2 protein chains.
Amino acid sequence: MKKTNTNQHLKSKEELLKNAQALVETYDSVPVSVDCVIFGFDENELKVLLIRADLEYFKGMWSLLGELMLPHENLDEAAYRILKERTGMDDVYLDQVKTFGGIHRHPGGRVLTVAYCSLLNINHHQLKITDHELHWHSFQSITELSFDHKEILDECYKWLQKRIQEHPLGFNLLPDKFSLRELQNLYEAILNTKLDRRNFRKKFASMDLLIDVGEMEADVPHRPGKLYKFDFDKYEKSNRKWIGIDF
Amino acid sequence: MKKTNTNQHLKSKEELLKNAQALVETYDSVPVSVDCVIFGFDENELKVLLIRADLEYFKGMWSLLGELMLPHENLDEAAYRILKERTGMDDVYLDQVKTFGGIHRHPGGRVLTVAYCSLLNINHHQLKITDHELHWHSFQSITELSFDHKEILDECYKWLQKRIQEHPLGFNLLPDKFSLRELQNLYEAILNTKLDRRNFRKKFASMDLLIDVGEMEADVPHRPGKLYKFDFDKYEKSNRKWIGIDF
DNA sequence: TCAAAAGTGTTCGCTCTACACCCATGT
DNA sequence: ACATGGGTGTAGAGCGAACACTTTTGA
């Protein structure tokens with residue numbers, strides 16, 4: 001009797017599944033892409049990785065890195081795939097930012113896109129330049145992109161400005177070893193302000209998340225600064241909320 | 001000659017469009033829904049508006065308010081439509097929170113969903129209870145929902161906790177006229193802490209965004225408090241960043 | 001008169017801010 | 001020797017945190 005019940009239960013479950021599947025098949029559907037805003041930092045400037053638009057309609061214009069989501073992968077996986085394909089890196093900071101669902105954002109018909117933001121050390125990877133050009137562009141110099149990618153970029157930039165004041169993300173953009181000057185330059189570039197050097201250094205000293213690696217800068221035309229690395233382990237362990245770096 | 005050039009240009013543009021359309025038609029596509037987490041506040045508790053799951057597979061379980069995005073509407077419009085249909089309100093605080101793209105989140109096949117969070121005054125609307133039950137549930141009491149809606153709810157709750165400390169959103173959850181006690185209860189409910197009454201009042205007094213309406217609470221079994229309303233106009237004008245209410 | 005919440009100020013400690021001089025290195 | 005950025009400390013202001021008593025109303 002128990003068996004019968006179980007079987008009946010299983011059968012009905014199967015039936016429910018079948019019904020659900022039949023229902024979903026009636027749904028309107030839309031292509032979904034993932035677009036990655038990939039930030040880097042070099043020559044004291046915030047950089048963005050762009051590719052030539054592959055759609056002829058936008059010929060000559062630059063574009064974010066984006067691809068269609070594949071049927072078997074979830075959103076994060078799609079974003080990692082795009083990063084991996086283009087930069088060869090897979091241990092990269094990545095976060096979903098916002099979804100853009102305007103009807104006319106793609107000239108060929110409706111395509112929904114989920115925007116991700118990624119931060120990486122610009123020297124730590126090899127760009128995979130295949131058929132399309134892939135280049136780092138100074139964020140400040142970007143005025144126009146294909147699709148609605150400029151809007152997506154601006155959203156991600158605002159997100160980054162806010163985020164970097166609440167979490168120590170900046171280190172993802174720097175080499176393993178960096179000077180405090182480089183770190184400050186990074187913050188100044190992203191926040192688009194000048195910061196007081198002594199207060200900045202005090203701030204980071206008080207966080208106690210920088211490890212003095214006992215080395216110095218080289219090849220600088222002035223007194224070399226100490227090099228530090230970020231204590232990722234310690235940061236993971238401490239659950240200290242970073243709400244407000246408060247420059 | 002100019003005309004010819006223009007015509008050629010137009011023609012080629014049309015062709016580009018046609019090509020783009022042909023391309024998009026080859027894309028895999030996915031049904032997209034919008035799910036709304038609708039928060040209210042009543043009886044000193046944070047509430048969430050839920051409906052009985054309409055999918056038989058989840059029979060008996062509660063569900064967020066969600067519907068498929070229609071072909072002609074963008075995401076925000078879909079979210080407003082859902083709100084309007086169910087609550088009759090259209091001047092409501094609403095914000096996109098996160099997109100969920102897990103492969104198995106719908107038993108009938110892949111359905112992507114964009115989660116929105118809405119805040120409304122629980123007394124200001126008439127629920128449209130049609131075929132499904134529509135009820136306010138205490139947030140704290142919700143342990144299970146259909147689909148991945150519990151996960152979505154939790155994300156939206158975290159979002160709300162953070163957001164309410166950076167922007168004066170709370171007023172959307174209160175009646176037009178409210179006492180400082182009600183306001184504090186609201187913050188305490190959302191942040192799940194106790195706050196110091198004097199500091200709380202000082203904080204809001206110093207923001208200078210509350211208008212004393214010259215009335216008092218009635219029907220309270222103790223000394224009645226003054227009633228205030230929130231100065232939405234003044235807030236809109238002042239661009240003061242609210243980063244950090246810092247309780 | 002009692003219960004329950006309203007209303008109100010002050011002190012302390014911490015953190016942010018502003019600010020200037022000497023040091024080490026390369027040219 | 002000079003130019004360039006590295007490295008450091010302190011005083012003042014402002015803000016958040018802690019904390020207790022009197023007042024008003026309804027029961």
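What you see is a predicted model, and the numbers here were worked out from it, not measured in a lab. Naming convention: chains lettered A, B, ... in sequence-line order (proteins, then strands); numbering from 1 in each chain.
Atom CD of A/E217 and atom C1' of D/dG5 are 9 Å apart (whole Å). Counting to the nearest Å, the P atom of C/dG7 and the NZ atom of B/K226 are 7 Å from each other. Whole-Å rounding puts the B/M216 CE to C/dA4 P distance at 21 Å. To the nearest angstrom, C1' of C/dT11 lies 14 Å from CG of B/D196. Atom OH of A/Y228 is separated from atom P of D/dG6 by 11 Å (rounded to the nearest Å). B/Q184 has its CD atom 12 Å from the C1' atom of C/dG7, to the nearest Å. Straight-line distance from the NZ atom of A/K194 to the P atom of C/dA18: 15 Å, rounded to whole Å. If you measure from atom CZ of A/F200 to atom C1' of D/dG9, you get 19 Å, rounded to the nearest angstrom.
You'll find a donor-acceptor pair under 3.5 Å spanning the side chain of A/R198 and the base of C/dA20, going by distance alone.
For A/R201 and D/dT8, the shortest distance from a side-chain N or O to OP1 or OP2 is not below 4.0 Å. Taking 4.0 angstrom as the limit, A/R181 places a side-chain polar atom (N or O) nearer than this to OP1 or OP2 of D/dG6.
Checking D/dC19, C/dC16, D/dG6 against the side-chain heavy atoms of A/R197 singles out D/dG6 as nearest. Checking D/dT8, C/dG7, D/dA18 against every side-chain atom of B/N199, the shortest atom distance belongs to D/dA18.
Side-chain polar atoms of B/Y93 and B/D95 form a donor-acceptor pair below 3.5 angstrom.
Taking for each of A/P221 and B/R223 the nucleotide of DNA chain D with the nearest heavy atom, the 5'-most of the two is the partner of A/P221. Along DNA chain D, the nucleotide nearest A/P224 and the nucleotide nearest A/K202 are compared for position; the residue whose nucleotide lies closer to the 5' end is A/P224. Between A/V220 and B/G225, it is B/G225 whose nearest contact on DNA chain C lies nearer the 5' terminus. Nearest-nucleotide assignment on DNA chain C puts the 5′-proximal partner with B/H222, out of B/H222 and A/H222.
Ring centroids of B/F178 and B/Y228 are separated by 6.0 Å or more, keeping the two rings apart. Aromatic rings from A/F204 and A/Y187 are positioned such that their centres are separated by under 6.0 Å.
Every residue meeting the side chain to side chain contact (heavy atoms under 4.5 Å, CB included) condition with B/D76, not counting sequence neighbours, appears here in chain and number order: B/N74, B/Y116. Residues passing the side-chain hydrogen bond (donor to acceptor under 3.5 Å, both in side chains) test with A/S63, sequence neighbours excluded: A/S146, A/H149.
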